[in-house]
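Notes for the one structure printed next.
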Amino acid sequence: MKVQFYYLVTLFFIVACTFAMSQNNIIETIVDTDPRIIKSFTLKDLQPNQFYLAAPFAKAMLLRNPEMDKIKDFAIYKVELVYTTYKESKNFDQRELNINRLKNLKKTYPEIFENILAEWSQIAIDGATTRQEGKEMFHGFIFTYRLPPSKEKTETEIGEIEKILAGIKTKKDFEADSIMKLIKKPKKTLPVYEMPRFIGGNDLLQKYIDRKIKYPKKALMDKKQGLVKIAFKIDSRGKVVSPYLVSGIESKCNDVALDIFDKMPNWIPGKRDGKPVVYEFQIALRFDADKNKIYCDTLKFEGASKDNKGGGKYEDISEMIAKEQEEEISDWMREQDSIVFNSLIRNNFGEALLLCDVTGSMSPYTGQTLLCIKNNIAKNNIKQIVFFNDGDNMLDYEKKMGEVGGIYITDKINIDTIIQLAYTAMRNGNGGDNPENNIEAALAGTAKYPATKSIIMIADNYATPRDMELLSQLRVPVHVILCGATHFINPNYLAIARRTKGSLHTMQHDLLNLDKMQEMETIKINGETYRLVRGKFMRL
């Protein structure tokens with residue numbers, strides 16, 4: 001008993017520390033993320049699904065906004081920290097101000113930081129040239145949330161599904177425009193680039209930094225740490241030229257970071273179509289006071305000139321390639337990601353019950369699902385279909401876990417019957433909050449069809465199941481096709497796949513063996529790390 005007690009205490013301590021570290025890491029990660037640069041922003045630019053929380057110019061305090069009292073009612077999926085780049089003193093620490101604003105936000109509205117679905121970013125306004133212009137700019141936070149459903153919006157979504165279903169009439173038409181063939185060979189020949197390289201690679205670059213930079217004593221004593229970003233060019237001879245400070249932490253650290261470019265040896269020059277050209281880079285040096293160490297955190301490519309002089313406009317290669325490919329993708333597919341197509345085509349789930357969320361903004365994925373069924377594209381033997389909408393038009397306070405309803409079931413695999421059933425579920429589901437009754441719908445399907453061997457769940461990454469407590473009642477594997485998971489994974493869907501010995505599928509990944517993960521083990525997906533803690537996944 002004592003051993004078990006100490007184990008539980010230790011586990012609780014680890015979980016608490018992990019959670020605390022993840023909360024602190026959120027703020028550090030946000031302020032160290034490269035901001036989106038814009039010239040101006042006013043409250044008139046807010047969209048209908050946005051609201052704000054303002055801060056005074058150059059101050060960390062947050063101003064009262066009565067609209068924030070409703071924050072728990074909003075399904076927030078994006079939080080943007082907005083600030084101006086104008087500063088009157090070179091010693092002004094914008095990073096520290098941003099950290100303090102985030103800390104004040106967390107202190108006043110901790111539920112925002114507990115929202116696992118919110119994406120955080122920074123916006124820097126660089127249009128101000130005077131203090132007065134800076135004061136007139138907006139500073140603070142912009143919150144973007146999902147607009148609530150409406151009858152008008154539902155009819156619009158049904159119209160879009162009708163276009164998808166009418167646009168591709170036969171299996172042959174579908175195959176000609178399938179996801180496997182959408183991205184064709186570019187019509188234009190793209191330039192061939194060879195990146196400049198530090199002689200000896202990044203390891204020797206780090207050693208060069210170690211030799212050239214010493215942590216300023218006062219900055220080390222004062223625990224000044226963070227990222228210093230320097231932009232510079234590599235000319236056609238490989239010489240490092242024109243370094244300048246992009247952002248920093250304090251003057252001494254900024255100065256020693258710039259010092260590494262003094263007498264830096266030549267790089268191996270980069271080329272464009274075999275010819276040496278000027279390249280532009282940005283290096284981020286992380287000053288770590290705790291370890292008295294300066295790291296080369298990132299080396300980011302900015303662009304390459306079209307000639308060896310580098311005097312013209314620099315080409316952003318990634319944007320150029322994306323533009324070329326976008327021109328080759330059909331308008332129909334550009335409006336939506338093709339997760340349902342991809343997953344049903346590349347995976348064989350066998351005999352299954354198909355479970356599809358038809359609420360909110362799921363109409364593009366519902367359209368893909370219906371199109372796959374109509375043209376018998378999936379490799380799977382779909383026996384029954386369940387559509388769910390989280391309680392029809394039931395008021396939120398009336399919803400009881402496991403008794404929400406709004407579940408529509410059929411085993412008549414007739415496309416017209418299925419389409420009309422989907423539309424009925426959509427039309428009856430125009431009310432309610434953000435969470436969904438995924439597990440209740442799955443249990444309803446398996447109760448009606450007890451011979452069900454597995455479930456394919458078409459789920460909304462931004463809508464958390466309200467009934468995770470019922471998950472232990474599911475006795476068949478659930479294969480989650482997660483829609484809208486472009487940046488992160490809703491941990492609850494990882495838990496569903498793991499607990500049922502099923503799988504989880506995104507555009508890039510098929511996660512098949514989650515049930516093999518051990519306690520405190522981590523998994524990395526799309527650059528995000530998740531840790532298994534007491535059977536649940538925590539986003540770090």
Run through Asp235, Ile199, Ile234 and flag the one making a side-chain contact (heavy atoms from CB on, under 4.5 Å) with Trp267. Ile234
Going by the side-chain contact (heavy atoms from CB on, under 4.5 Å) test, name the single residue among Asn461, Thr464, Val480 that passes it with Asn492. Thr464
Residues in side chain to side chain contact (heavy atoms under 4.5 Å, CB included) contact with Asp262, at least two apart in sequence or another chain: none
Six-ring centre of Tyr109, Lys106 cation under 6.0 angstrom, axis tolerance 45°: no
Residues two or more places apart in sequence or in another chain: which of them pass side-chain hydrogen bond (donor to acceptor under 3.5 Å, both in side chains) with Lys214? none
List the residues meeting ring-ring contact (aromatic ring centres under 6.0 Å, His included) with Tyr86, not counting sequence neighbours, and say none if there are none. none
Do the ring planes of Phe51 and Phe143 sit parallel (below 30°), tilted (30 to 60°) or perpendicular (above 60°)? parallel
With the side chain counted from C-beta on, respond yes when Arg101 and Val31 share a heavy-atom pair under 4.5 Å apart, and no when they do not. no
Centre-to-centre under 6.0 Å for His139 and Tyr83, is that the case here? no
Tell me whether the centres of the aromatic rings in Tyr215 and Phe287 are closer together than 6.0 Å. yes
Give every residue pair that meets the salt bridge (charged side-chain N to carboxylate O under 4.0 Å, His left out) criterion with at least one member in residues 217-232, sequence neighbours excluded. Asp34-Lys229, Lys218-Asp222, Lys223-Asp290
Residue pair Gln50 / Thr144, side-chain donor-acceptor N/O under 3.5 Å: yes
Could you tell me whether the side chain of Gln225 and the main chain of Ala289 form a donor-acceptor pair under 3.5 Å? yes
For Asn91 and Glu250, which I'm curious about, is there any donor-acceptor pair between the side chains at under 3.5 Å? no
For residues 40-47, please give each side-chain donor-acceptor pair under 3.5 Å, one per line with the distance, not counting sequence neighbours.
from, atom 1, to, atom 2, distance (Å)
Thr42, OG1, Lys44, N, 3.4
Asp45, OD2, Thr42, N, 2.9
Gln47, NE2, Asp45, O, 3.4

For residues 517-539, the ring pair (Phe, Tyr, Trp, His ring centres under 6.0 Å) pairs (sequence neighbours left out) are none
Give me the ring orientation class for Tyr77 and Tyr462: parallel if the planes are under 30° apart, tilted from 30 to 60°, perpendicular past 60°. perpendicular
